[in-house]
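Read the structure below first, then the notes.
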Protein chains: 2
Amino acid sequence: MTANILVVEDEPAIQELLAFNIAQCGYRAIEAYDADGAWTHINHALPDLILLDWMLPGSSGVELARRLRADQRTRNIPIIMLTARTDERDKILGLESGADDYITKPFSPRELMARIRAVLRRRAPQMSDETVVAGGLELSPAMHRINANGAMIDLGPTEFRLLHFFMTHPERVYSRSQLLDQVWGDHVFVEERTVDVHIRRLRQALEPSSLDRLIQTVRGSGYRFSCN
Amino acid sequence: MTANILVVEDEPAIQELLAFNIAQCGYRAIEAYDADGAWTHINHALPDLILLDWMLPGSSGVELARRLRADQRTRNIPIIMLTARTDERDKILGLESGADDYITKPFSPRELMARIRAVLRRRAPQMSDETVVAGGLELSPAMHRINANGAMIDLGPTEFRLLHFFMTHPERVYSRSQLLDQVWGDHVFVEERTVDVHIRRLRQALEPSSLDRLIQTVRGSGYRFSCN
DNA sequence: CGATGGTATGACAGAATTGTGACAGTAGCA
DNA sequence: TGCTACTGTCACAATTCTGTCATACCATCG
(Lines give C-alpha, C1' and ligand atoms only; values in the text may rest on other atoms or scores of the structure.)
Protein backbone atom coordinates (compact mmCIF):
# COMPACT_ATOMS: atom_id res chain seq x y z
CA MET A 1 0.00 0.00 0.00
CA THR A 2 2.04 3.01 -1.18
CA ALA A 3 0.33 6.08 0.14
CA ASN A 4 0.47 9.39 -1.68
CA ILE A 5 1.58 12.23 0.52
CA LEU A 6 1.06 15.77 -0.62
CA VAL A 7 3.78 18.04 0.73
CA VAL A 8 2.80 21.71 0.78
CA GLU A 9 5.96 23.64 1.57
CA ASP A 10 7.42 26.72 -0.07
CA GLU A 11 11.03 26.26 0.91
CA PRO A 12 12.73 24.02 -1.67
CA ALA A 13 15.37 22.75 0.75
CA ILE A 14 12.81 21.47 3.21
CA GLN A 15 10.64 20.21 0.40
CA GLU A 16 13.52 18.11 -0.82
CA LEU A 17 14.36 16.82 2.63
CA LEU A 18 10.78 15.78 3.19
CA ALA A 19 10.49 14.15 -0.21
CA PHE A 20 13.63 12.16 0.45
CA ASN A 21 12.45 10.87 3.79
CA ILE A 22 9.01 10.07 2.50
CA ALA A 23 10.42 8.11 -0.40
CA GLN A 24 12.76 6.35 2.00
CA CYS A 25 9.73 5.02 3.85
CA GLY A 26 8.10 3.69 0.76
CA TYR A 27 5.53 6.42 0.32
CA ARG A 28 5.21 8.72 -2.67
CA ALA A 29 5.71 12.45 -2.20
CA ILE A 30 3.78 14.94 -4.31
CA GLU A 31 5.16 18.44 -4.21
CA ALA A 32 3.27 21.71 -3.94
CA TYR A 33 4.70 25.11 -3.17
CA ASP A 34 1.60 27.05 -2.27
CA ALA A 35 -2.08 26.65 -1.54
CA ASP A 36 -3.11 27.04 -5.18
CA GLY A 37 -0.66 24.42 -6.32
CA ALA A 38 -1.94 22.17 -3.58
CA TRP A 39 -5.53 22.54 -4.79
CA THR A 40 -4.49 21.68 -8.30
CA HIS A 41 -2.94 18.46 -7.14
CA ILE A 42 -5.86 17.66 -4.88
CA ASN A 43 -8.34 18.12 -7.69
CA HIS A 44 -6.25 15.87 -9.86
CA ALA A 45 -5.99 13.06 -7.35
CA LEU A 46 -6.84 12.90 -3.67
CA PRO A 47 -3.74 12.26 -1.58
CA ASP A 48 -3.78 9.93 1.42
CA LEU A 49 -2.15 12.47 3.68
CA ILE A 50 -1.24 16.14 3.54
CA LEU A 51 1.89 17.58 5.09
CA LEU A 52 1.13 21.25 5.39
CA ASP A 53 3.41 24.14 6.19
CA TRP A 54 1.99 26.77 8.45
CA MET A 55 3.65 29.65 6.65
CA LEU A 56 2.81 29.76 2.99
CA PRO A 57 2.95 32.55 0.43
CA GLY A 58 -0.52 33.81 -0.33
CA SER A 59 -3.06 32.15 1.89
CA SER A 60 -1.71 30.49 4.98
CA GLY A 61 -1.63 26.80 5.79
CA VAL A 62 -4.35 27.19 8.36
CA GLU A 63 -6.64 28.65 5.76
CA LEU A 64 -5.94 25.80 3.41
CA ALA A 65 -6.66 23.37 6.21
CA ARG A 66 -10.02 25.01 6.81
CA ARG A 67 -10.86 24.84 3.13
CA LEU A 68 -9.93 21.16 3.09
CA ARG A 69 -12.19 20.47 6.04
CA ALA A 70 -15.09 22.34 4.49
CA ASP A 71 -15.06 20.30 1.31
CA GLN A 72 -16.76 16.95 1.50
CA ARG A 73 -14.27 15.22 -0.76
CA THR A 74 -11.25 16.27 1.25
CA ARG A 75 -12.81 16.25 4.69
CA ASN A 76 -11.33 12.95 5.73
CA ILE A 77 -7.83 13.41 4.44
CA PRO A 78 -5.51 13.55 7.43
CA ILE A 79 -3.36 16.65 7.80
CA ILE A 80 -0.07 17.09 9.62
CA MET A 81 0.92 20.69 10.21
CA LEU A 82 4.50 21.91 10.00
CA THR A 83 5.64 25.07 11.68
CA ALA A 84 8.95 26.80 12.22
CA ARG A 85 8.01 28.20 15.58
CA THR A 86 7.33 26.62 18.86
CA ASP A 87 4.72 29.24 19.53
CA GLU A 88 2.03 27.52 21.53
CA ARG A 89 -0.72 29.55 19.95
CA ASP A 90 0.18 28.09 16.60
CA LYS A 91 -0.43 24.63 17.90
CA ILE A 92 -3.86 25.50 19.11
CA LEU A 93 -4.75 27.23 15.88
CA GLY A 94 -3.42 24.41 13.77
CA LEU A 95 -5.31 21.75 15.59
CA GLU A 96 -8.47 23.81 15.77
CA SER A 97 -8.41 24.26 12.04
CA GLY A 98 -8.64 20.53 11.64
CA ALA A 99 -5.11 19.17 11.56
CA ASP A 100 -4.65 15.65 12.85
CA ASP A 101 -1.18 16.17 14.18
CA TYR A 102 1.42 18.82 14.48
CA ILE A 103 5.19 19.01 14.35
CA THR A 104 7.65 21.87 14.77
CA LYS A 105 10.79 22.60 12.79
CA PRO A 106 13.46 21.67 13.25
CA PHE A 107 12.12 18.15 13.47
CA SER A 108 13.87 14.84 13.36
CA PRO A 109 12.97 12.93 10.21
CA ARG A 110 12.45 9.89 12.35
CA GLU A 111 9.83 11.57 14.46
CA LEU A 112 8.07 12.93 11.44
CA MET A 113 7.92 9.56 9.76
CA ALA A 114 6.65 7.97 12.94
CA ARG A 115 3.78 10.43 13.01
CA ILE A 116 3.04 9.92 9.36
CA ARG A 117 2.83 6.21 9.88
CA ALA A 118 0.66 6.67 12.96
CA VAL A 119 -1.77 8.92 11.14
CA LEU A 120 -1.96 6.65 8.11
CA ARG A 121 -2.53 3.65 10.30
CA ARG A 122 -5.36 5.36 12.05
CA ARG A 123 -7.32 6.35 8.98
CA ALA A 124 -9.86 4.14 7.30
CA PRO A 125 -8.33 2.15 4.50
CA GLN A 126 -8.86 3.63 1.09
CA MET A 127 -10.62 1.69 -1.57
CA SER A 128 -8.76 1.06 -4.79
CA ASP A 129 -10.41 1.81 -8.09
CA GLU A 130 -9.98 -1.59 -9.61
CA THR A 131 -13.01 -3.59 -10.58
CA VAL A 132 -13.46 -6.64 -8.40
CA VAL A 133 -15.06 -9.86 -9.58
CA ALA A 134 -16.13 -12.56 -7.15
CA GLY A 135 -18.98 -14.95 -6.61
CA GLY A 136 -20.91 -13.90 -9.72
CA LEU A 137 -20.65 -10.24 -8.79
CA GLU A 138 -18.77 -7.50 -10.52
CA LEU A 139 -18.09 -4.41 -8.48
CA SER A 140 -16.58 -1.30 -9.95
CA PRO A 141 -15.53 1.28 -7.36
CA ALA A 142 -14.76 3.90 -10.00
CA MET A 143 -18.31 3.88 -11.30
CA HIS A 144 -19.85 2.90 -8.00
CA ARG A 145 -21.64 0.13 -9.77
CA ILE A 146 -22.45 -3.48 -9.17
CA ASN A 147 -23.32 -6.01 -11.81
CA ALA A 148 -24.98 -9.21 -10.64
CA ASN A 149 -25.42 -11.61 -13.55
CA GLY A 150 -26.43 -8.74 -15.76
CA ALA A 151 -28.69 -7.07 -13.23
CA MET A 152 -27.66 -3.79 -11.72
CA ILE A 153 -27.67 -3.46 -7.98
CA ASP A 154 -27.85 -0.18 -6.13
CA LEU A 155 -26.22 0.12 -2.74
CA GLY A 156 -25.76 2.88 -0.23
CA PRO A 157 -22.21 3.99 0.55
CA THR A 158 -21.78 1.76 3.59
CA GLU A 159 -23.18 -1.37 2.00
CA PHE A 160 -21.01 -0.67 -1.01
CA ARG A 161 -17.85 -0.49 1.06
CA LEU A 162 -18.91 -3.55 3.01
CA LEU A 163 -19.46 -5.59 -0.12
CA HIS A 164 -16.22 -4.32 -1.59
CA PHE A 165 -14.33 -5.42 1.47
CA PHE A 166 -15.95 -8.83 1.42
CA MET A 167 -15.25 -9.34 -2.26
CA THR A 168 -11.62 -8.45 -1.80
CA HIS A 169 -11.37 -10.70 1.25
CA PRO A 170 -13.42 -13.76 0.45
CA GLU A 171 -13.68 -17.07 2.26
CA ARG A 172 -12.49 -15.67 5.52
CA VAL A 173 -14.45 -14.96 8.67
CA TYR A 174 -14.40 -11.44 10.05
CA SER A 175 -15.70 -10.48 13.44
CA ARG A 176 -17.97 -7.52 13.85
CA SER A 177 -15.20 -5.40 15.30
CA GLN A 178 -12.83 -6.32 12.50
CA LEU A 179 -15.45 -5.25 10.00
CA LEU A 180 -15.95 -2.01 11.86
CA ASP A 181 -12.22 -1.37 11.68
CA GLN A 182 -11.94 -2.26 8.02
CA VAL A 183 -15.14 -0.81 6.62
CA TRP A 184 -16.02 2.00 8.99
CA GLY A 185 -12.47 2.85 10.08
CA ASP A 186 -11.05 2.24 13.50
CA HIS A 187 -11.71 5.76 14.73
CA VAL A 188 -15.46 5.38 14.46
CA PHE A 189 -17.43 4.39 17.50
CA VAL A 190 -20.58 2.53 16.68
CA GLU A 191 -22.27 -0.47 18.21
CA GLU A 192 -21.11 -3.82 16.97
CA ARG A 193 -24.69 -4.82 16.23
CA THR A 194 -24.82 -2.10 13.62
CA VAL A 195 -22.82 -4.47 11.46
CA ASP A 196 -25.69 -6.96 11.61
CA VAL A 197 -28.09 -4.37 10.28
CA HIS A 198 -25.88 -3.49 7.36
CA ILE A 199 -25.30 -7.15 6.61
CA ARG A 200 -29.03 -7.55 6.44
CA ARG A 201 -29.41 -4.56 4.13
CA LEU A 202 -26.72 -5.94 1.90
CA ARG A 203 -28.32 -9.36 1.80
CA GLN A 204 -31.63 -7.74 1.02
CA ALA A 205 -30.11 -5.96 -1.94
CA LEU A 206 -28.50 -9.15 -3.22
CA GLU A 207 -31.60 -11.25 -2.76
CA PRO A 208 -33.30 -10.46 -6.09
CA SER A 209 -30.28 -12.02 -7.80
CA SER A 210 -30.31 -14.96 -5.39
CA LEU A 211 -26.85 -13.99 -4.29
CA ASP A 212 -27.70 -13.25 -0.68
CA ARG A 213 -26.29 -16.57 0.44
CA LEU A 214 -22.84 -15.35 -0.52
CA ILE A 215 -22.71 -13.70 2.86
CA GLN A 216 -22.75 -16.33 5.54
CA THR A 217 -23.20 -16.02 9.24
CA VAL A 218 -20.65 -17.82 11.36
CA ARG A 219 -22.33 -17.97 14.70
CA GLY A 220 -20.10 -16.81 17.49
CA SER A 221 -17.44 -15.50 15.12
CA GLY A 222 -18.80 -13.09 12.55
CA TYR A 223 -19.52 -13.13 8.84
CA ARG A 224 -17.94 -14.61 5.76
CA PHE A 225 -18.19 -13.95 2.03
CA SER A 226 -17.94 -17.30 0.34
CA CYS A 227 -18.02 -17.89 -3.41
CA ASN A 228 -18.90 -21.56 -3.14
CA MET B 1 -8.51 -14.31 25.24
CA THR B 2 -9.51 -12.30 28.27
CA ALA B 3 -7.02 -9.49 28.36
CA ASN B 4 -5.80 -7.98 31.61
CA ILE B 5 -6.13 -4.22 31.67
CA LEU B 6 -4.24 -2.26 34.30
CA VAL B 7 -6.16 0.87 35.24
CA VAL B 8 -3.98 3.54 36.82
CA GLU B 9 -6.33 6.17 38.17
CA ASP B 10 -6.37 7.87 41.54
CA GLU B 11 -10.02 8.85 41.63
CA PRO B 12 -12.05 5.94 43.01
CA ALA B 13 -15.25 6.97 41.24
CA ILE B 14 -13.63 6.92 37.83
CA GLN B 15 -11.69 3.79 38.72
CA GLU B 16 -14.94 2.06 39.47
CA LEU B 17 -16.60 3.29 36.30
CA LEU B 18 -13.70 2.05 34.23
CA ALA B 19 -13.60 -1.29 35.99
CA PHE B 20 -17.29 -1.76 35.37
CA ASN B 21 -17.06 -1.03 31.67
CA ILE B 22 -14.00 -3.16 31.24
CA ALA B 23 -15.64 -6.10 32.94
CA GLN B 24 -18.72 -5.52 30.81
CA CYS B 25 -16.61 -6.08 27.70
CA GLY B 26 -15.19 -9.31 28.98
CA TYR B 27 -11.79 -8.01 29.98
CA ARG B 28 -10.31 -8.09 33.46
CA ALA B 29 -9.54 -4.81 35.19
CA ILE B 30 -6.62 -4.55 37.60
CA GLU B 31 -6.68 -1.47 39.78
CA ALA B 32 -3.82 0.82 40.70
CA TYR B 33 -4.09 4.24 42.32
CA ASP B 34 -0.64 5.63 41.66
CA ALA B 35 2.55 5.00 39.76
CA ASP B 36 4.09 2.89 42.51
CA GLY B 37 1.04 0.70 42.82
CA ALA B 38 1.09 0.32 39.07
CA TRP B 39 4.70 -0.87 39.14
CA THR B 40 3.88 -3.41 41.78
CA HIS B 41 1.16 -4.90 39.64
CA ILE B 42 3.32 -4.79 36.54
CA ASN B 43 6.13 -6.64 38.28
CA HIS B 44 3.69 -9.23 39.47
CA ALA B 45 2.17 -9.87 36.07
CA LEU B 46 2.45 -7.98 32.80
CA PRO B 47 -0.90 -6.57 31.72
CA ASP B 48 -2.04 -6.61 28.10
CA LEU B 49 -2.96 -2.95 28.13
CA ILE B 50 -2.51 0.01 30.45
CA LEU B 51 -5.11 2.71 30.94
CA LEU B 52 -3.18 5.59 32.38
CA ASP B 53 -4.40 8.78 33.95
CA TRP B 54 -2.44 11.88 33.07
CA MET B 55 -2.73 13.42 36.51
CA LEU B 56 -1.47 11.13 39.24
CA PRO B 57 -0.34 11.80 42.80
CA GLY B 58 3.44 11.62 43.00
CA SER B 59 4.91 11.16 39.57
CA SER B 60 2.67 11.98 36.66
CA GLY B 61 1.22 9.61 34.13
CA VAL B 62 3.54 10.87 31.45
CA GLU B 63 6.49 10.01 33.61
CA LEU B 64 5.17 6.53 34.21
CA ALA B 65 4.65 6.14 30.49
CA ARG B 66 8.28 7.10 29.87
CA ARG B 67 9.42 4.61 32.44
CA LEU B 68 7.33 1.90 30.86
CA ARG B 69 8.81 2.65 27.48
CA ALA B 70 12.32 2.59 28.85
CA ASP B 71 11.99 -0.88 30.34
CA GLN B 72 12.60 -3.78 28.02
CA ARG B 73 9.84 -5.89 29.50
CA THR B 74 7.14 -3.26 29.35
CA ARG B 75 8.17 -1.54 26.14
CA ASN B 76 5.57 -3.20 24.01
CA ILE B 77 2.59 -2.92 26.31
CA PRO B 78 0.09 -0.56 24.71
CA ILE B 79 -0.92 2.51 26.69
CA ILE B 80 -4.05 4.61 26.48
CA MET B 81 -3.77 7.97 28.21
CA LEU B 82 -6.65 9.56 30.08
CA THR B 83 -6.77 13.25 30.72
CA ALA B 84 -9.24 15.69 32.18
CA ARG B 85 -8.08 18.50 29.99
CA THR B 86 -9.08 19.15 26.47
CA ASP B 87 -5.87 20.99 25.84
CA GLU B 88 -4.46 19.65 22.64
CA ARG B 89 -0.93 20.16 23.83
CA ASP B 90 -1.39 17.33 26.29
CA LYS B 91 -2.25 15.10 23.41
CA ILE B 92 1.06 15.85 21.78
CA LEU B 93 2.92 15.28 25.03
CA GLY B 94 1.09 12.07 25.71
CA LEU B 95 1.74 10.64 22.31
CA GLU B 96 5.34 11.72 22.41
CA SER B 97 5.88 9.96 25.70
CA GLY B 98 4.85 6.72 24.09
CA ALA B 99 1.11 6.37 24.50
CA ASP B 100 -0.70 4.51 21.76
CA ASP B 101 -3.91 6.41 22.05
CA TYR B 102 -5.46 9.19 23.98
CA ILE B 103 -8.87 10.06 25.36
CA THR B 104 -10.18 13.06 27.27
CA LYS B 105 -12.55 13.10 30.19
CA PRO B 106 -15.42 13.22 30.14
CA PHE B 107 -15.43 10.29 27.76
CA SER B 108 -18.20 8.04 26.63
CA PRO B 109 -17.68 4.48 27.86
CA ARG B 110 -18.51 3.31 24.38
CA GLU B 111 -15.74 5.33 22.83
CA LEU B 112 -13.27 4.19 25.43
CA MET B 113 -14.12 0.54 24.93
CA ALA B 114 -13.91 0.93 21.19
CA ARG B 115 -10.40 2.32 21.55
CA ILE B 116 -9.40 -0.43 23.91
CA ARG B 117 -10.58 -3.03 21.48
CA ALA B 118 -8.85 -1.27 18.60
CA VAL B 119 -5.53 -1.07 20.44
CA LEU B 120 -5.69 -4.67 21.59
CA ARG B 121 -6.54 -5.81 18.11
CA ARG B 122 -3.67 -3.88 16.58
CA ARG B 123 -1.16 -5.31 19.01
CA ALA B 124 -2.22 -8.91 19.05
CA PRO B 125 -3.21 -10.19 15.67
CA GLN B 126 -4.93 -13.55 15.86
CA MET B 127 -2.53 -16.14 17.11
CA SER B 128 -3.19 -19.67 15.97
CA ASP B 129 -4.73 -18.74 12.66
CA GLU B 130 -2.91 -21.46 10.83
CA THR B 131 -4.73 -24.22 9.09
CA VAL B 132 -4.35 -27.55 10.84
CA VAL B 133 -4.25 -30.81 8.93
CA ALA B 134 -4.68 -34.16 10.66
CA GLY B 135 -6.42 -37.45 10.10
CA GLY B 136 -7.89 -36.54 6.75
CA LEU B 137 -9.30 -33.31 8.14
CA GLU B 138 -8.34 -29.79 7.31
CA LEU B 139 -9.39 -27.18 9.82
CA SER B 140 -8.95 -23.48 9.11
CA PRO B 141 -9.53 -21.11 12.01
CA ALA B 142 -9.37 -18.06 9.75
CA MET B 143 -12.16 -19.35 7.55
CA HIS B 144 -13.79 -21.15 10.44
CA ARG B 145 -14.22 -24.10 8.16
CA ILE B 146 -13.49 -27.77 8.10
CA ASN B 147 -12.75 -29.77 5.01
CA ALA B 148 -13.26 -33.50 5.29
CA ASN B 149 -12.15 -35.16 2.06
CA GLY B 150 -13.72 -32.37 0.06
CA ALA B 151 -16.90 -32.15 2.11
CA MET B 152 -17.48 -29.08 4.19
CA ILE B 153 -18.40 -29.60 7.79
CA ASP B 154 -20.12 -26.97 9.86
CA LEU B 155 -19.62 -26.96 13.59
CA GLY B 156 -20.86 -24.85 16.45
CA PRO B 157 -18.33 -22.78 18.40
CA THR B 158 -17.68 -25.35 21.12
CA GLU B 159 -17.34 -28.34 18.81
CA PHE B 160 -15.07 -26.27 16.61
CA ARG B 161 -12.75 -25.43 19.49
CA LEU B 162 -12.86 -29.02 20.67
CA LEU B 163 -11.88 -30.40 17.29
CA HIS B 164 -9.20 -27.75 16.92
CA PHE B 165 -7.71 -28.76 20.23
CA PHE B 166 -7.76 -32.43 19.33
CA MET B 167 -6.19 -31.85 15.94
CA THR B 168 -3.38 -29.84 17.46
CA HIS B 169 -2.88 -32.44 20.19
CA PRO B 170 -3.33 -35.79 18.49
CA GLU B 171 -2.51 -39.28 19.75
CA ARG B 172 -2.79 -38.35 23.35
CA VAL B 173 -5.46 -39.08 25.92
CA TYR B 174 -7.11 -36.18 27.71
CA SER B 175 -9.33 -36.49 30.72
CA ARG B 176 -12.64 -34.70 30.86
CA SER B 177 -11.32 -32.08 33.25
CA GLN B 178 -8.28 -31.46 31.08
CA LEU B 179 -10.54 -30.91 28.11
CA LEU B 180 -12.70 -28.56 30.14
CA ASP B 181 -9.63 -26.55 31.04
CA GLN B 182 -8.26 -26.45 27.52
CA VAL B 183 -11.39 -26.00 25.48
CA TRP B 184 -13.84 -24.33 27.83
CA GLY B 185 -11.32 -22.37 29.88
CA ASP B 186 -10.20 -23.09 33.39
CA HIS B 187 -12.58 -20.67 35.04
CA VAL B 188 -15.87 -22.16 33.95
CA PHE B 189 -17.89 -24.52 36.08
CA VAL B 190 -19.64 -27.19 34.10
CA GLU B 191 -20.26 -30.86 34.71
CA GLU B 192 -17.64 -33.23 33.39
CA ARG B 193 -20.35 -35.22 31.64
CA THR B 194 -20.93 -32.23 29.42
CA VAL B 195 -17.75 -33.21 27.61
CA ASP B 196 -19.35 -36.51 26.66
CA VAL B 197 -22.23 -34.71 25.05
CA HIS B 198 -19.99 -32.48 22.97
CA ILE B 199 -17.86 -35.43 21.97
CA ARG B 200 -20.99 -37.09 20.73
CA ARG B 201 -22.05 -34.01 18.79
CA LEU B 202 -18.63 -33.81 17.23
CA ARG B 203 -18.69 -37.47 16.25
CA GLN B 204 -22.12 -36.98 14.81
CA ALA B 205 -20.87 -34.16 12.59
CA LEU B 206 -17.91 -36.25 11.43
CA GLU B 207 -19.98 -39.34 10.78
CA PRO B 208 -21.14 -38.49 7.25
CA SER B 209 -17.49 -38.48 6.23
CA SER B 210 -16.82 -41.70 8.16
CA LEU B 211 -14.32 -39.84 10.27
CA ASP B 212 -16.09 -40.25 13.58
CA ARG B 213 -13.71 -42.99 14.64
CA LEU B 214 -10.93 -40.41 14.82
CA ILE B 215 -12.15 -39.62 18.29
CA GLN B 216 -11.67 -42.62 20.50
CA THR B 217 -12.95 -43.33 23.95
CA VAL B 218 -10.39 -44.49 26.48
CA ARG B 219 -12.44 -46.07 29.17
CA GLY B 220 -11.65 -44.72 32.57
CA SER B 221 -9.30 -42.04 31.23
CA GLY B 222 -10.92 -39.79 28.68
CA TYR B 223 -10.73 -39.28 24.94
CA ARG B 224 -8.08 -39.34 22.26
CA PHE B 225 -7.83 -38.03 18.71
CA SER B 226 -5.97 -40.62 16.72
CA CYS B 227 -5.04 -40.34 13.07
CA ASN B 228 -4.49 -44.06 12.55
C1' DC C 1 -24.21 -64.89 34.56
C1' DG C 2 -25.34 -60.85 37.00
C1' DA C 3 -23.47 -56.88 39.14
C1' DT C 4 -21.08 -52.64 38.64
C1' DG C 5 -19.11 -48.61 37.03
C1' DG C 6 -18.42 -46.05 33.16
C1' DT C 7 -20.12 -44.23 28.50
C1' DA C 8 -23.55 -43.13 24.63
C1' DT C 9 -27.70 -41.06 23.34
C1' DG C 10 -32.00 -38.46 22.99
C1' DA C 11 -34.71 -34.93 24.94
C1' DC C 12 -35.26 -30.38 26.81
C1' DA C 13 -35.36 -25.84 28.89
C1' DG C 14 -32.76 -21.86 29.40
C1' DA C 15 -29.12 -19.01 27.55
C1' DA C 16 -26.89 -16.78 23.98
C1' DT C 17 -26.69 -15.13 19.44
C1' DT C 18 -28.57 -13.34 15.30
C1' DG C 19 -32.45 -11.60 12.15
C1' DT C 20 -35.78 -8.02 11.38
C1' DG C 21 -38.77 -4.01 11.25
C1' DA C 22 -39.31 0.50 12.92
C1' DC C 23 -37.69 5.05 14.00
C1' DA C 24 -35.40 9.29 14.77
C1' DG C 25 -31.46 11.99 13.76
C1' DT C 26 -28.27 13.58 10.12
C1' DA C 27 -26.01 14.58 5.98
C1' DG C 28 -26.17 15.50 1.31
C1' DC C 29 -28.47 17.91 -2.24
C1' DA C 30 -31.40 20.91 -5.04
C1' DT D 1 -34.75 26.09 3.18
C1' DG D 2 -37.02 21.75 2.52
C1' DC D 3 -36.54 17.12 0.72
C1' DT D 4 -34.52 12.65 0.26
C1' DA D 5 -31.57 9.04 1.33
C1' DC D 6 -28.65 7.03 4.62
C1' DT D 7 -27.18 5.69 9.41
C1' DG D 8 -27.11 3.96 13.85
C1' DT D 9 -29.88 2.08 17.57
C1' DC D 10 -33.43 -0.24 19.68
C1' DA D 11 -36.95 -3.68 20.86
C1' DC D 12 -38.60 -7.88 19.83
C1' DA D 13 -38.78 -12.27 17.13
C1' DA D 14 -36.46 -16.25 15.44
C1' DT D 15 -32.78 -19.29 15.69
C1' DT D 16 -29.10 -21.88 17.38
C1' DC D 17 -26.24 -23.45 21.08
C1' DT D 18 -25.36 -25.32 25.83
C1' DG D 19 -25.48 -27.75 29.84
C1' DT D 20 -28.01 -31.23 32.35
C1' DC D 21 -30.86 -35.19 32.91
C1' DA D 22 -32.74 -39.67 32.57
C1' DT D 23 -32.20 -43.68 30.30
C1' DA D 24 -30.05 -47.10 27.37
C1' DC D 25 -25.84 -49.38 26.42
C1' DC D 26 -21.47 -51.74 27.15
C1' DA D 27 -17.09 -53.63 29.05
C1' DT D 28 -15.15 -55.72 32.88
C1' DC D 29 -14.95 -58.40 36.84
C1' DG D 30 -16.50 -61.28 40.77
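Note that these values count all heavy atoms, side chains included, but never hydrogens, waters or copies made by symmetry. Protein chains get the first letters and strands the later ones, always in sequence-line order, with residue 1 at the start of each. Keep in mind the model is a prediction, meaning the values are calculated, not measured.
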Could you list all N or O pairs between the protein and nucleotides 20-24 of chain D that sit under 3.5 Å apart?
from: dT20(D); atom 1: OP2; to: Glu191(B); atom 2: N; distance (Å): 2.6
from: dT20(D); atom 1: OP2; to: Thr194(B); atom 2: OG1; distance (Å): 2.8

Note to self: Once you apply a heavy-atom cut-off of 4.0 Å, does Tyr223(A) come out as touching a base, just sugar-phosphate, or nothing?
What the structure shows: sugar-phosphate
The bend of the helix from dC1(C)-dG30(D) to dA30(C)-dT1(D), taken between the axes of its five terminal pairs at each end and rounded to 10°, is 20°
To the nearest angstrom, the CD1-P distance between Ile199(B) and dT18(D) comes to 14 Å
Query raised in the report: Counting only side-chain N and O atoms of Arg203(B), is one of them less than 4.0 Å from OP1 or OP2 of dA8(C)?
Result: yes
Rounded to whole Å, CG of Leu202(B) lies from C1' of dT18(D) at a distance of 15 Å
So the side chain to side chain donor-acceptor pair (under 3.5 Å) pairs with at least one residue in residues 148-161 of chain B (sequence neighbours excluded) are Glu159(B)-His198(B)
_side-chain N/O Arg176(A) vs dT18(C) OP1/OP2, d < 4.0 Å_ = yes
May I ask you to test the Ile199(B)-Phe166(B) pair for a side-chain heavy-atom distance under 4.5 Å? yes
With the side chain defined as heavy atoms from C-beta on, Gln204(B) is closest, among dA27(D), dA8(C), dG10(C), to dG10(C)
Does dG8(D) have its OP1 or OP2 closer than 4.0 Å to a side-chain nitrogen or oxygen of Trp184(A)? yes
Rounded to whole Å, CZ of Phe160(A) lies from P of dA5(D) at a distance of 19 Å
